[in-house]
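Beneath this line is the structure, given in C-alpha cells, with notes to follow.
Counting starts at 1 for both ligands and their atoms, in listed order.
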Amino acid sequence: MKEKLEQIKSQAIAQIDVSDSLEKLNEVRVNVLGKKGELTAVLKSMKDVAPEDRPKVGQMVNEVREEIEQKLEGAKKQLEQAAREAQLKAEVIDVTLPAKKNVIGHRHPNTIALEEIERIFVGMGYEVVEGPEVEKDYYNFEALNIPADHPAKDEQDTFYISGDILLRTQTSSVQIHEMEKGTIPIRMIAPGRVFRADEVDATHSPCFHQVEGLVVDKNITFADLKGTLAKFVQELFGEQTKVKFRPHHFPFTEPSAEMDVSCFKCGGTGCRFCKGSGWIEILGCGMVHPHVLEMCGIDPQEYSGFAFGVGLERIALLKYEIDDMRLLYENDIRFLKQF
Ligand code: DAH
C-alpha cells in the first residue's frame, strides 16, 4: 500500500512539474484527487485493509493528498504570476508616443452661411419655418400671382411630378402657407431647397437653396423693408456695407426691387469681384402684392407686408470668395476643410 501511495505521489508531482498551463494542472488534480481519481480509488479500497491498519493507511493517504494539494497550489500560483507578467509586458504603453489626433468633421459653407443668416433674423424677432419641397402648382405659382400663362413660369421651368404637383422652384411658396394659417403678425424666414431644370455650371445647379423672408402686420412700409435688409447685410458683410435698391418686377410683390450691396472687397471703388461696378446684387424683395394677401384671406386695407428672397449659395460664394458653385456640391474634403 505504501509503495502504491509513493508511486501515486511521485507520478503526480512529476506531472505537475511539466504542466505549463492551468488547464493541465487541473487535469492532474482531476486524475489524482477527483471523484474517479487514483487517490480516491485508494480511499475507496480501505474496506479491504485490515481494521487495525486502517488508521495508519488513512493517515498516509491524507499526507499524500496534502502534499499533492500543496504542490498543485504552488504550481498554480507560479503559472498565474507568469501569466500576469507576460500580460504586463504585452500591454506596455509608451507614454512618449505622440497622441492620436481626434479628427472631427465640420460644417459645410452653406450651413455656416445659413446659421449666420438665421442668427441675424432670429435676433430681430423672426421665426424660422419650413415648407414642403414637393409642392402644389397653386403654392409655387398661382397664389403668388403667377397664373398658368405667365412668362415668369418659363423662367422657372421645373420638375413636374404630375399635372399640378412639382418640386418648388422658389421658397416664396412658404409665404402662402404661412399667410394661410391666418395668424398675424408674421415675421418669418424660410430656408430650404429649391429646384429648377437648369444645366450645371459655375453659377447654376438644378438644386440649390434660398432663404425667404416675410413680414405681415399693420402699417408695414417700404421703409421697414429697407431698414431691415440694410441691417441684415451690415451684420452679414460688415458695418460699412451700403445698400442700393433697383426697381424690378416680381409678380407677387408691388413695388418690387433688387437689392445690391457695396462691394465688401473693394468698398465700392470697383474690382474683379464686383466686375468693376462697386456693387453686388444680393436679393429680390418688395411689398407683398395686395392680391396675394387677398388670396390668403388677409385684408390688404388693414394689413401690409414685405418679402424678400436670398440665394443661400450666392451668399456662401460671396462670403468665402468661392468662384464656382460646383465646389459646394462636390464634397471634396480638401475644399471643404478650409471653412
Ligand atoms: N422667389 C424669387 C426668385 O426665386 C426671389 C424673390 C423675389 C423672393 C422677391 C421674394 C421677393 O420674396 O419679394 O427669384
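Against a heavy-atom cut-off of under 4.0 Å, Gln175 is close to the following atoms of ligand 1: 12 (O). The contact set between ligand 1 and Ala307, taken as ligand atoms under 4.0 Å from a residue heavy atom, comprises 12 (O), 13 (O). Listed by number with element, the atoms of ligand 1 under 4.0 Å from a non-hydrogen atom of Thr253 are 13 (O). Set against the non-hydrogen atoms of Gly286, the atoms of ligand 1 under 4.0 Å away are 13 (O). Residue contact check: Gln170 has heavy atoms under 4.0 Å from atoms 1 (N), 2 (C), 3 (C), 4 (O) of ligand 1.
Ser172 OG to Gln210 CD: the interatomic distance, rounded to the nearest 0.5 Å, is 6.5 Å. Rounding to the nearest 0.5 Å gives a distance of 5.5 Å between CG of Leu167 and OG1 of Thr158.
A 4.5 Å side-chain heavy-atom check between Met295 and Glu142 finds every atom pair outside the cut-off.
Ligand 1 has a nitrogen or oxygen under 3.5 angstrom from a nitrogen or oxygen of Phe308. Considering both main-chain and side-chain atoms, Phe252 never comes within under 3.5 Å of ligand 1 through any nitrogen or oxygen pair. For a threshold of 3.5 Å applied to N or O pairs, the pair formed by Gln210 and ligand 1 contains at least one separation below that value.
Residue contacts with ligand 1 do not include Met287, since none of its heavy atoms lies under 4.0 Å from the ligand. Within the structure, the closest approach of Phe306 to ligand 1 does not fall below 4.0 Å when heavy atoms are considered. For the ligand labelled ligand 1, residue His248 lies outside the 4.0 Å heavy-atom shell.
Within 6.0 Å of atom CZ in Arg193, 12 or fewer heavy atoms from other residues, nucleotides or ligands are found, so the atom counts as exposed in its surroundings.
Contacts with ligand 1 closer than 4.0 Å are made by side-chain heavy atoms of Ser172 only, the backbone lying farther away. With a 4.0 Å cut-off on non-hydrogen atoms, Arg196 touches ligand 1 through its side chain and not its backbone.
Side-chain atoms of Asp260 do not come within 3.5 Å of backbone N or O of Trp279 as any donor-acceptor pair.
Residues Lys9 and Glu63 are not paired through a salt bridge, judged by the lack of any N-O separation under 4.0 Å between the basic side chain and the carboxylate.
The aromatic rings of Phe339 and Tyr320 lie perpendicular to each other, with more than 60° between the two planes, well past the 30° mark.
Of the options Gly309, Ser256, Gly213, the smallest heavy-atom separation from atom 8 (C) of ligand 1 is shown by Gly309.
Judged as a side chain to side chain donor-acceptor pair (under 3.5 Å), and not counting sequence neighbours, the contacts of Tyr329 are Glu313.
Glu66 and Gln70 share no side-chain donor-acceptor pair at under 3.5 Å.
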